[in-house]
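The figures here come from the full heavy-atom set of this structure, side chains too, leaving out hydrogens, waters and symmetry mates. The structure displayed is predicted, hence computed values, not measured ones.
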Amino acid sequence: MELEAMTSRETWPDETEEATTESPPKSRCDKIHETISNWILPENHRDTYLARANCLPPPIFIISVSIAELAVFIYYAVWMPQKQWITLDSGVWNSPFIYRADKREEAWRFISYMMVHAGVQHIIGNLALQLFLGIPLELVHKGHRIGLVYVAGVIGGSLASSVFDPRLALVGASGGVYALIGGYFMNILVNFKDMTPLFGIFRILVIVIIVGTDVGFALYRRYISHETVEKVSFVAHFAGGLAGMSIGYTVFSCFDKNLIKDPRFWICIAAYFAFVIFAVLFNIFLSPAP
């Protein structure tokens, strides 16, 4: 009996050793995605996202668009002897990129206007916003979805401007930027209960402050400033935001689902294209612009 007890004791685990199972250290990519998921996604979606998150492909769309916009701005501000550093001058006004009412038959201008900006403060504001918000969104939702929302805001912005501010020109990427902001803002509101209350309120306040400052500056440039004779429309800010709050919200809320199977997406697309058709007909038959 004594030998038997001694033998069985040999099979006992060593009381001095602790069975610890250490998880492998997180890579830098994992830490980045964990931080991004806290900012972009509601809590009930974060585990799903982190299980499949990776840093490939990188956020190519937003970075490429930002580089292109910066390159066009530098071209007009440096290589052409104009005052593009501070205001809208003849270099941009005569650019084939700018949207102008008298050139609206050149359909590419309804998109290409996002490449030109009215001064250094304009380009810096748009680039800062779209990089700060666009890169995390693209890491989560990938470039094709971010591109869809961004371009929807750009086109919606120019078409809305051609309807509600038909005699004015349009420059800047604000339509696309505000589409990203609108989609993100709607996700915060809808999923507010899944976020830490103070954290959710902080994000809403940051968006309100940024948007308020930017729109306030746009209104100042439109109605008060006398730096330039040529005025530009600010309607794209609001139209881009509406595109983001509809199409953008639907896209951002389906990050782990097949988008084309979501009826909300098709409802938003149908409403968007109905407005596009109306705006096109308005420009052809009803616009007071020359």
Legend entry - Polar side-chain atom of Asn283 near backbone of Ala279 as donor-acceptor pair, under 3.5 Å: yes
Legend entry - Tyr272 side chain near Ile155 side chain, heavy-atom distance below 4.5 Å: yes
Inset, instruction - Answer yes or no: is there a side-chain heavy-atom contact under 4.5 Å between Ser253 and Asn187? - result: yes
Legend entry - Summary of ring pair (Phe, Tyr, Trp, His ring centres under 6.0 Å) pairs that have at least one residue in residues 153-172, sequence neighbours excluded: none
Legend entry - Chi angles and distances behind the side-chain contact (heavy atoms from CB on, under 4.5 Å) call for Leu148, Phe265: CA-CA 12 Å; Leu148 170 65; Phe265 175 71; 3.9 Å; yes
Legend entry - side chain to side chain donor-acceptor pair (under 3.5 Å) pairs, two or more places apart, involving residues 133-146: none
Inset, instruction - Spell out, yes or no, whether Ile284 and Ile277 are grouped together once hydrophobic residues are joined by side-chain heavy atoms under 4.5 Å, including indirect joins. - result: yes
Inset, instruction - Can you see which heavy atom on Cys254 is nearest to which on Arg264, and at what distance? - result: SG-NH2, 3.4 Å
Legend entry - Gap between atom CG of Leu41 and atom OG1 of Thr48 - 0.5 Å precision: 9.0 Å
Inset, instruction - Look at the side-chain heavy atoms of Ile, Leu, Val, Met, Phe, Trp and Tyr, link any pair under 4.5 Å apart, and say whether Leu159 and Phe273 land in one connected group. - result: yes
Legend entry - Gly157 backbone acceptor or donor facing Ser161 side chain under 3.5 Å: no
Inset, instruction - Kindly work out whether a path of hydrophobic side-chain contacts (I/L/V/M/F/W/Y, heavy atoms less than 4.5 Å apart) joins Val120 to Val72. - result: yes
Legend entry - Non-hydrogen atoms of Ala289 and Arg167 that approach each other most closely: CA-NH1, 4.4 Å
Legend entry - Pairwise distance NE2(His117) to CG(Leu70) - rounded to 0.5 angstrom: 9.5 Å
Legend entry - Nearest-0.5 Å distance, OG of residue Ser95 to CE of residue Met115: 10.0 Å
Inset, instruction - Indicate the atoms forming the closest heavy-atom contact of Ala173 with Glu69, along with that distance. - result: CB-OE2, 3.4 Å
Legend entry - Rounded distance (nearest 0.5 Å) linking atom CG of Leu139 with atom OH of Tyr49: 5.5 Å
Legend entry - Separation of Ile181 CD1 from Tyr184 OH (nearest 0.5 Å): 11.0 Å
Inset, instruction - For side-chain contact (heavy atoms from CB on, under 4.5 Å), just list the numbers for Phe97 and Met114, CA-CA rounded to whole Å, side-chain angles, deciding distance to a tenth of an Å, and then say yes or no. - result: CA-CA 8 Å; Phe97 295 121; Met114 74 179 191; over 6 Å; no
Inset, instruction - With sequence neighbours excluded, give me every salt bridge (Lys or Arg N to Asp or Glu O under 4.0 Å) pair touching residues 150-163. - result: none
Inset, instruction - List the steps and the verdict of side-chain contact (heavy atoms from CB on, under 4.5 Å) for Phe252 and Leu180. - result: CA-CA 9 Å; Phe252 297 161; Leu180 300 181; 4.2 Å; yes
Inset, instruction - Specify the closest pair of heavy atoms between Val154 and Tyr113, including all atoms of both residues, with the distance to one decimal. - result: O-OH, 2.6 Å
Inset, instruction - Show your working on side-chain contact (heavy atoms from CB on, under 4.5 Å) between Tyr178 and Leu242 and close with a plain yes or no. - result: CA-CA 8 Å; Tyr178 273 71; Leu242 289 174; over 6 Å; no
Legend entry - Side chain proximity check, Ile207 to Ile188, heavy atoms < 4.5 angstrom: yes
Legend entry - Backbone N/O of Ser158 and side chain of Tyr99: donor-acceptor pair under 3.5 Å: no
Inset, instruction - Fit a plane to each ring of Tyr150 and Phe61, take the angle between them on a 0 to 90° scale, and name the class: parallel (under 30°), tilted (30 to 60°) or perpendicular (over 60°). - result: perpendicular
Inset, instruction - Determine whether Val251 and Ile267 fall in the same hydrophobic cluster, where Ile, Leu, Val, Met, Phe, Trp and Tyr are linked whenever their side-chain heavy atoms lie under 4.5 Å apart. - result: no
Legend entry - From Ile247 atom CD1 to Ile269 atom CD1, the distance as rounded to the nearest 0.5 Å: 4.0 Å
Legend entry - Val211 with Leu131, same ILVMFWY side-chain cluster at under 4.5 Å: yes
Legend entry - For the student: nearest non-hydrogen atoms of Gln130 and Val177, plus distance: OE1-CG2, 3.4 Å
Legend entry - Smallest separation among heavy atoms of His122 and Ser174, with atom names: NE2-OG, 4.0 Å
Inset, instruction - Measure from the side-chain N and O atoms of Trp93 to the backbone N and O of Ala169, and report whether any donor-acceptor pair falls under 3.5 Å. - result: no
